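Atoms considered below: every heavy atom in the structure, side chains included; atoms not considered: hydrogens, waters and symmetry mates. All values reported here derive from a predicted model rather than from experimental measurement.
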Amino acid sequence: MSFLWWPLLLASCVAAILATRGLLHLFQLESYQFPGYVHTVRRNLKKSFMPGCCIAVVFAVCSLILFAWGLNWVPVILCTLLIAGTGWAIYGNLKMRREKKRFVLTARVKRLIGTEAVVFLLLGILFLRLFGLFSGAHGTVFLMILVPVFLPVWFALAALCAWPIEKGISEMYFQDAKRMLDNRPDLIKIGITGSYGKTSVKFILGTILQEKFQTLITPSSFNTPMGLTKVIRSSLLPSHQVFVAEMGARHVGDIRELCRLVHPVYGAISSIGPQHLDTFKTIERIRDTKYELMEALPENGCCFFVEDHGIERTLYDRTKKEKWLVSLEPEVGADVWAENMKTGPFGSRFDLCTKGDRIQCETRLLGRHNIQNILLATAICLKLGMSLRQISRGIVRLQPVEHRLQLIPKPGGITIIDDAFNSNPHGASAALEVLRNFPGRRLIITPGMVELGEMEAVFNRSFGEEMAGSADLCILVGPKHTAPIREGLVTKGFPEEKIYTVRSLQEAAACLQKIEQSGDTVLFENDLPDNYSED
């Protein structure tokens with residue numbers, strides 16, 4: 001093989017690295033987890049393989065030109081620029097795409113790009129050397145095309161090679177954060193987990209606790225080991241008296257790992273249900289993983305549960321440590337419950353009750369499930385010595401969490417209910433209940449629910465059936481994924497002419513603009529991330 005093939009090899013590697021911008025984003029959206037990456041690539045085969053195939057085609061065309069023209073510096077330089085330019089054009093196109101969650105060039109991503117460069121170059125040299133010895137120039141060129149064609153595979157190989165480095169770096173930061181918490185025996189540490197509602201409970205609890213304590217809560221949906229580690233190392237101050245950690249899980253053992261970092265004394269489970277069934281596979285594994293929080297609490301710790309007449313009540317009954325139970329009903333022997341609940345455009349009103357006292361409360365938060373979240377936070381606050389009056393003041397100050405039943409008035413007399421964050425069967429049902437309490441014409445825009453494993457279509461069909469009794473018009477985003485929702489709507493007699501199907505959220509907004517009227521209430525239920533989008 002002539003050394004003039006080496007510039008083409010380097011150009012192909014550079015182009016391949018630039019073309020992995022989309023794969024890097026998918027890997028980042030899946031929290032750098034390999035199972036999630038594989039599932040995402042399988043769902044998005046065209047998007048995943050097309051950039052590499054484009055580079056392979058250009059490389060093949062350039063090779064044919066060189067075989068016909070002959071190897072000399074002028075055509076080699078032109079072809080090298082063409083291949084590298086193709087990679088740059090693909091990168092630019094990927095960068096210009098509308099992204100719901102922006103791709104972030106973190107230090108980890110930069111290290112992964114460096115690993116990619118090494119892996120791609122070694123693959124190229126392997127083909128250039130090894131196969132060149134046995135197959136000649138034509139065979140080598142053919143095999144060189146495999147580098148960009150199977151770009152998602154080689155990217156996964158690079159990520160696998162980088163994993164030991166990332167694991168070592170993560171553990172170093174993890175231990176540093178753990179040391180900071182261990183050096184604060186005075187700090188009250190609270191862990192919150194659940195299939196859904198845990199982020200809302202965290203923000204509610206943080207707001208109410210501020211009436212008495214200097215409190216640090218993890219921001220947004222920071223609920224992974226590295227997310228908590230970052231918050232502890234960057235935000236924990238000597239003045240903080242309470243640390244509230246949201247604990248997420250997609251695999252068995254995830255909560256146990258978070259407890260190894262935080263060592264909470266108080267633990268709360270918001271609600272347990274069929275969330276992330278694609279990774280957990282069974283509801284029993286979800287239940288056991290969430291209960292890892294209670295198992296990790298010390299003997300003098302305290303556990304907080306929601307009465308759900310099912311899984312959580314079973315966990316409450318088997319718990320031997322100090323425990324509290326909250327309920328939307330007063331008849332179940334709960335420690336904290338609500339009475340006289342009313343929800344509507346004003347928010348929610350209810351009587352907050354304990355075994356010894358009660359107080360009237362009002363909040364801008366919508367829905368019975370948010371009242372349940374408030375009750376769970378209230379139980380923790382009572383355990384920490386707060387009075388009902390302090391708690392009531394905190395409840396008045398509660399603000400809707402962004403994209404979680406957030407009420408947004410719109411010009412023209414339109415009311416928007418933004419519930420776009422990560423829908424699930426429980427949350428979707430609660431959102432539909434809220435929508436039913438609003439006057440006037442009711443519209444819903446949704447792409448349905450995801451991460452529910454083999455039961456996903458069943459849950460989405462049930463969602464459609466329930467939607468038929470709550471909405472007057474439906475805009476379904478994504479023809480393939482929302483097909484079960486349409487079936488559920490039609491099964492319940494919902495008029496097909498009032499069902500609109502579009503390919504993207506942008507098309508949904510344009511459709512809404514055409515059909516909306518003054519007095520309408522519009523529920524945005526879920527907004528699939530980029531790795532699930534059909535457009």
Q) Given Val502, which of Val477, Ile445, Leu476 fulfils the side chain to side chain contact (heavy atoms under 4.5 Å, CB included) condition? A)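 Checked Val477, Ile445, Leu476 against Val502; only one passes side chain to side chain contact (heavy atoms under 4.5 Å, CB included): Val477.
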Q.
Exactly one of Ile444, Leu512, Val522, Thr501 should register a side chain to side chain contact (heavy atoms under 4.5 Å, CB included) with Ile475. Which one does?
A.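 Among Ile444, Leu512, Val522, Thr501, the one that satisfies the side chain to side chain contact (heavy atoms under 4.5 Å, CB included) with Ile475 is Leu512.
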Q. How would you list, by chain and number, every residue that makes a side chain to side chain donor-acceptor pair (under 3.5 Å) with Glu292, sequence neighbours excluded?
A.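 Result, side chain to side chain donor-acceptor pair (under 3.5 Å) vs Glu292: Arg256.
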Should the pair [X]-[Y] be classified as a salt bridge under the 4.0 Å nitrogen-to-oxygen rule?
X: Glu257; Y: Arg260; answer: yes
X: Arg179; Y: Asp176; answer: yes
X: Glu456; Y: Lys480; answer: no

Q | Test log, rule side chain to side chain contact (heavy atoms under 4.5 Å, CB included), inputs Leu157 and Trp154 | A | CA-CA 5 Å; Leu157 177 62; Trp154 308 133; 4.3 Å; yes
Whether the side chain of [X] engages the backbone of [Y] through a donor-acceptor N/O pair (distance < 3.5 Å, no angle test) should be reported.
X: Arg184; Y: His240; result: yes
X: His481; Y: Met449; result: yes
X: Arg233; Y: Phe174; result: no
X: Thr446; Y: Glu525; result: yes
X: Ser235; Y: Ile232; result: no

Looking only at side chains, do [X] and [Y] share a donor and an acceptor under 3.5 Å apart?
X: Gln33; Y: Tyr37; result: no
X: Thr218; Y: Glu246; result: no
X: Thr491; Y: Arg461; result: yes

(Q) Using 0.5 Å steps for rounding, measure from the CG atom of Leu121 to the OG atom of Ser12. (A)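 With rounding to 0.5 Å, CG (Leu121) is 10.5 Å from OG (Ser12).
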Q: Supply the atom-to-atom distance Phe103 CZ to Phe27 CZ, rounded to the nearest 0.5 angstrom.
A: 11.5 Å
Q: Could you walk me through whether Tyr291 and Thr319 pass the side-chain hydrogen bond (donor to acceptor under 3.5 Å, both in side chains) test, one step at a time?
A: CA-CA 10 Å; Tyr291 196 69; Thr319 300; 2.8 Å; yes
Q) Are more than 12 heavy atoms from other residues, nucleotides or ligands located less than 6.0 Å from atom NZ of Lys230? A) no
Q.
Surrounding CZ of Arg318 (heavy atoms of other residues, nucleotides or ligands, distance under 6.0 Å), is the total greater than 12?
A. yes
Q: Mind checking salt bridge (Lys or Arg N to Asp or Glu O under 4.0 Å) for Glu295 and listing every partner two or more places apart, or none if nothing turns up?
A: none
Q: Please name all residues satisfying salt bridge (Lys or Arg N to Asp or Glu O under 4.0 Å) with Glu507, sequence neighbours left out, ordered by chain then number.
A: none
